[in-house]
Amino acid sequence: MKSVSINAARLQQEIDDLALITEAAPPVVTRVLFGEADLRGRVFVKNICREIGLTIREDAVGNIFARWEGADKNLPAVATGSHTDAIPNAGKYDGVVGVLGALEAIHALQAAGFQPKRSIELIVFTSEEPTRFGIGCLGSRLLGGVLSLERAAALRDRDAQDLEFWRAQGGCKGDLSSVKLPKDCYAAFVELHIEQGPILEAEKLDIGVVEKIAAPSTLRVQLTGVGGHAGATLMPGRRDAALAGAEIALAVERAATTTGNPDTVGTTGIFRIEPGAVNSVPCQAYLEIDLRDTLVKTRDAALVQIETAVKEICGRRQIEFTMERLNVDPPAICDAQTVSIAESAARQLGFTVKRMISRAYHDSLFMAQVCPTTMIFIPCHKGYSHRPDEYSSPAQIAKGVAVLAQTLAKLAE
Ligand code: GLV
Ligand code: MN
Ligand code: MN
């Protein structure tokens, strides 16, 4: 395959344009599943798919598939893709580089006159971010058959709306049972993404190729205490739900820092209290806790430690609680052959490259259960991500897209 020419300026313009489709004022990007901005973002991407002649299909949970038909339609396709939904207060590169970058890679391969033998398919996954339902990778979980239909039906957002409601808002058609992909439908899946960590930049490397994705888990804890007047309720005997929540958040930190594995990380990223009046004792608290690790053993030990702490704290403070494991996932091991194809593509292009672990999760975590999978990482400024000042330069992105294009070409040949 002769080298392809990536139009970095066009891609940057598309990234900038998509970043203007947001629920929050730019430069903040927020696109929550099937909210107005998420829906407009999808239209934006589908328009580019049409411009470059891809055939679009959408499944019953809103995953978008855009196919460049290969010469042999009977062969399993090669897939690439990522997400365009964004958590509150996000930047413009997370997920987007893997979607618009993949379209640029396809565009560049087309311009170079490449004729794929296998079809090449972009997948834009629904709700990689856990913002609406507390569970990430909703679309890819369903594609991989990892989320049961019963659990999907039980999902509720903070207003108690279910997935059926939001599917209707998203214009999704068909039954959720049709989403699961058959085995062997793809020959491989490769996701381009910003690293979201500092390693590539610190080591002055162009490209990372992912060998393993760390194991995520999420706990939801709801606490009910007794509210009352902040002036008239004396301190002895108070049953303050916020204080129990505060102790739980500290227990999360303690559990994550005492496993003996520096890769264990724990975050209480959601902590809401009710009624939220300065002169009222908090009667309710709602926590979502994110706990991850490269090793299942230490992640699970920390998880049990947190659950034990919740029971102890609530018992001592006479707080009623419910506690639910929203997800407890194994790590993904990437496919050795696909990893080495991506690594060789980077080296052939003259880029510096290292193999690495992804500490963030991605739809690749679940695509790895469907077909041979890897990821291509590019550096991002100081490793910043999930914040508005997330940044990768057009030149860094173009290198990642070039590696993706070569990798797809090799896999589709
Ligand atoms: C993905 O957004 C993650 O939280 O790792
Ligand atoms: Mn993210
Ligand atoms: Mn992402």
Side-chain angles (χ1 to χ4, degrees), residues 15 18-19 22-24 28-33 37-38 41 45 63 80-102 122-141 189-199 208 210 212-220 256 263-270 288-294 299 326-332 356-368 373-380 383-392 397 400 404:
I15 292 171
L18 180 51
T22 166
E23 292 168 30
V28 172
V29 178
T30 302
R31 286 189 291 264
V32 178
L33 169 68
D38 183 41
V45 170
N63 291 310
T80 179
S82 197
H83 61 99
T84 56
D85 68 319
I87 64 163
N89 205 39
K92 59 182 167 184
Y93 299 93
D94 176 3
V96 166
V97 164
V99 172
L100 297 178
L122 168 76
I123 309 178
V124 186
F125 296 95
T126 290
S127 192
E128 190 269 353
E129 300 292 6
T131 317
R132 174 79 64 199
F133 289 114
I135 184 170
C137 301
L138 180 60
S140 53
R141 275 176 201 276
F189 176 75
V190 183
E191 178 171 3
L192 173 66
H193 208 283
I194 60 168
E195 182 200 338
Q196 304 183 285
I199 296 170
V210 174
K212 181 177 178 182
I213 303 173
S217 64
T218 316
L219 275 182
R220 175 183 280 168
D263 291 329
T264 320
V265 284
T267 309
T268 304
I270 294 183
E288 283 181 20
I289 297 161
D290 178 306
L291 182 71
R292 318 183 189 198
D293 206 324
T294 51
R299 193 271 316 268
L326 290 180
N327 64 293
V328 181
D329 300 302
M356 53 199 309
I357 290 179
S358 171
R359 291 167 194 282
Y361 61 69
H362 303 280
D363 295 300
S364 290
L365 189 67
F366 299 101
M367 288 306 286
T373 292
T374 189
M375 299 186 69
I376 297 165
F377 274 180
I378 57 165
C380 56
Y384 292 168
S385 189
H386 285 183
R387 45 190 277 184
D389 53 357
E390 187 179 71
Y391 178 74
S392 290
I397 297 170
L404 178 65

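Both ligands and their constituent atoms are indexed starting at 1 by order of listing. When a residue number appears, it is its place in the shown sequence, counting from 1.
- Residues Val210 and His193 are not in side-chain contact: their nearest non-hydrogen atoms beyond the backbone lie 4.5 Å or more apart.
- Counting heavy atoms from C-beta outward, Leu33 and Glu129 have side chains that stay 4.5 Å or more apart.
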Checklist entry - Should Asp329 and Arg141 be marked as a salt bridge (Lys or Arg N to Asp or Glu O under 4.0 Å) after you check the CA-CA gap, both sets of side-chain angles, and the distance that decides it? => result CA-CA 10 Å; Asp329 300 302; Arg141 275 176 201 276; 2.8 Å; yes
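- Phe377 is linked by a ring-ring contact (aromatic ring centres under 6.0 Å, His included) to His362, counting only residues two or more places apart in sequence or in another chain.
- Using a 4.5 Å heavy-atom threshold, the side chains of Val29 and Glu390 count as separate.
- Applying the ring-ring contact (aromatic ring centres under 6.0 Å, His included) rule to Tyr361 yields no partners; only residues at least two apart in sequence or on another chain are considered.
- The minimum heavy-atom distance between Met375 and Ile213, with the atom names listed, is SD-CD1, 3.9 Å.
- At a 4.0 Å heavy-atom cut-off, the residues surrounding ligand 1 are Glu128, Glu129, Arg292, Ala360, Tyr361, His386, listed by chain and number.
- Tested against Leu192 for a side-chain contact (heavy atoms from CB on, under 4.5 Å), the candidates Thr80, Val99, Leu100, Ile378 yield a single pass: Ile378.
- Counting heavy atoms from C-beta on, the side chains of Leu365 and Ser140 never come closer than 4.5 Å.
- The number of protein N, O or S atoms lying under 2.8 Å from the Mn ion (ligand 3) is 3.
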